[in-house]
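In what follows, every chain begins at residue 1, and chains take the letters A, B, ... in the order their sequences are listed.
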Protein chains: 2
Amino acid sequence: METSDLKKAGLKVTLPRMKILEILENSETRHLTAEAIYRELLDSGEEIGLATVYRVLTQFEAAGLVCRLHLEGNQAVFELERGGHHDHIVCNQCGRVEEFFDETIENRQREVARQHGFSIKDHALVLYGDCSDSACPHRPV
Amino acid sequence: METSDLKKAGLKVTLPRMKILEILENSETRHLTAEAIYRELLDSGEEIGLATVYRVLTQFEAAGLVCRLHLEGNQAVFELERGGHHDHIVCNQCGRVEEFFDETIENRQREVARQHGFSIKDHALVLYGDCSDSACPHRPV
DNA sequence: AATAGAAATGAGAATCTTGATCATCGAGCC
DNA sequence: GGCTCGATGATCAAGATTCTCATTTCTATT
């Protein structure tokens with residue numbers, strides 16, 4: 001991610017924006033809440049307000065730099081817009097988020113929409129389940 | 001919907017609960033916000049608090065009597081759990097909600113989850129588009 | 001039908017997430 | 001270096017939902 005992306009979006013290159021981009025790029029999880037980003041900023045000694053984090057993320061979303069997901073739970077999560085579109089699987093136990101893309105599902109969605117007389121513009125698909133990560137605190141032993 | 005459904009769920013049969021069930025059953029749209037239900041209660045002269053509406057809906061959800069959807073927009077909508085599972089298409093313009101069920105999508109979801117080592121428990125799929133309802137206030141003339 | 005015990009309710013306060021306000025500050029251009 | 005406007009931070013505000021707690025109402029039992 002380059003500062004040129006910010007300029008292209010008509011946004012000034014400021015310290016808060018660069019720091020937030022940095023966190024989004026370097027995060028392990030790739031899916032962060034505004035609060036999580038805010039806490040990371042504080043931890044690294046940056047004095048950036050929570051309002052700025054929300055504002056910047058909203059601008060990034062409008063500029064197509066990040067996308068916002070509403071998973072279960074009340075906080076939205078943000079991820080860098082890297083490759084193309086994809087959907088998500090979330091582990092009910094550990095909260096891990098994985099991404100997937102399935103051409104068949106995409107096609108069927110368009111077909112279903114057509115059958116209902118809709119021209120589809122967007123969709124939200126999230127699968128919830130239990131993952132098989134050994135580190136995942138599965139309830140079922 | 002019977003009062004026996006309430007009893008089975010371990011819930012006392014009370015006036016607020018019955019009135020709320022009634023509204024869910026008789027509503028045209030089938031998808032109502034807590035606020036909308038609250039307003040209908042007021043309109044029909046019932047003195048039921050908004051907190052009760054939320055509480056009851058949450059209990060109904062836990063009992064499997066209704067399900068809660070988070071469409072775009074900040075308010076959740078509730079619908080009676082009638083037949084089986086289905087997903088939703090929402091019109092971006094008029095907000096109309098339609099239901100659909102597609103076996104192919106369901107199967108692919110299970111398959112995708114399996115490939116990622118998840119045992120899928122649930123999913124949320126919402127398609128957004130523009131509907132072809134003549135009453136729909138489409139922006140494109 | 002009266003009653004005790006538990007559960008449900010209503011009103012308002014509280015919470016949580018997010019967006020708005022406004023004075024101050026800093027980036028980008030001369 | 002200085003100017004102009006966008007950006008920031010702190011605080012406040014809004015909207016949705018839940019919590020608290022005193023009061024009411026079911027339900028089972030007498």
S.K.: Of the listed nucleotides (C:dG19, C:dT9, D:dA7), which one gets closest to any side-chain atom of A:Tyr54?
M.R.: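 Selected nucleotide: C:dG19.
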S.K.: Quick check: on DNA chain D, is the nucleotide nearest B:Val13 upstream (toward 5') of the one nearest B:Glu35, or the reverse? Name the residue that is more 5'.
M.R.: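 Result: B:Glu35.
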S.K.: Once rounded to the nearest 0.5 Å, what's the spacing between atom CG of B:Asp130 and atom CG of B:Asn92?
M.R.: 5.5 Å
S.K.: Give the nucleotide from the list D:dA16, C:dG28, D:dT8 with an atom nearest to the side chain of B:Gln75.
M.R.: D:dA16
S.K.: Any base atoms under 4.0 Å from A:Thr58, or only sugar-phosphate, or nothing? Heavy atoms, all strands.
M.R.: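 The answer is sugar-phosphate, as A:Thr58 gets under 4.0 Å only of primed atoms, P, OP1 or OP2.
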S.K.: Just by distance, with hydrogens left out, do B:Glu106 and B:His85 show a side-chain donor and acceptor under 3.5 Å apart?
M.R.: yes
S.K.: Is the shortest distance from a Lys or Arg side-chain nitrogen in B:Arg30 or B:Glu28 to a carboxylate oxygen in the other one below 4.0 Å?
M.R.: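 Salt bridge: no.
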S.K.: So which nucleotide from C:dA8, C:dG10, D:dG9 ends up closest to the side chain of A:Thr52?
M.R.: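 Between C:dA8, C:dG10, D:dG9, the one nearest the side chain of A:Thr52 would be D:dG9.
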S.K.: Looking at the side chain of A:Ala51, which of C:dT18, D:dT11, C:dA8 is the nearest nucleotide?
M.R.: D:dT11
S.K.: In whole angstroms, how far is the P atom of C:dA8 from the CG atom of B:Leu57?
M.R.: 15 Å
S.K.: Return the value, rounded to whole Å, for the distance between atom CG of B:Leu50 and atom C1' of D:dG15.
M.R.: 11 Å
S.K.: With the side chain of A:Ala76 defined as its heavy atoms from C-beta on, choose the nearest nucleotide among D:dA7, D:dT17, C:dT18.
M.R.: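 Looking only at side-chain atoms, A:Ala76 lies closest to C:dT18.
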S.K.: Ignoring hydrogens and angles, tell me if any N or O in the side chain of A:Thr33 forms a donor-acceptor pair with the backbone of A:Ala76 under 3.5 Å.
M.R.: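 No, because the side chain of A:Thr33 does not come within donor-acceptor range (under 3.5 Å) of the backbone of A:Ala76.
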S.K.: Reading DNA chain C from 5' onward, which residue's closest nucleotide shows up sooner: B:Val53 or B:Lys12?
M.R.: B:Lys12
S.K.: To the nearest angstrom, how far is A:Gln59 atom CD from C:dA20 atom P?
M.R.: 12 Å
S.K.: Separation of B:Arg68 atom CZ from D:dA16 atom C1', in whole Å?
M.R.: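 It works out to 11 Å between those atoms.
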S.K.: Please give, in whole Å, the distance from D:dC19 P to A:Asn74 CG?
M.R.: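 Whole-Å distance recorded here is 11 Å.
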S.K.: Return the value, rounded to whole Å, for the distance between atom CD1 of B:Ile37 and atom P of D:dT17.
M.R.: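 Between P of D:dT17 and CD1 of B:Ile37: 11 Å.
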S.K.: Of the nucleotides C:dT18, D:dC19, C:dT9, which has the atom closest to the B:Arg55 side chain?
M.R.: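 From the listed options, C:dT9 comes nearest.
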S.K.: Could you give the CG-to-C1' distance, from A:Leu32 to C:dT17, as a whole number of Å?
M.R.: 17 Å
S.K.: Is A:Thr14 close enough to D:dG6 that one of its side-chain N or O atoms is under 4.0 Å from OP1 or OP2 there?
M.R.: no
S.K.: Does A:Glu111 come within less than 4.0 Å of A:Arg108, counting only side-chain N to carboxylate O?
M.R.: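 No, no charged N to carboxylate O under 4.0 Å.
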S.K.: Checking all strands, does A:Leu15 fall into the base, sugar-phosphate, or nothing category for heavy-atom contacts under 4.0 angstrom?
M.R.: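 Contact class for A:Leu15: none.
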S.K.: In this structure, how many angstroms lie between the C1' atom of C:dG10 and the CD atom of B:Glu46, rounded?
M.R.: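 Rounded to the whole Å, the gap is 14 Å.
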S.K.: If you look at every strand shown and take non-hydrogen atoms under 4.0 Å, does B:Glu47 touch a base, only sugar-phosphate, or nothing?
M.R.: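 Sugar-phosphate: the residue B:Glu47, judged by heavy atoms under 4.0 Å, touches backbone atoms but no base.
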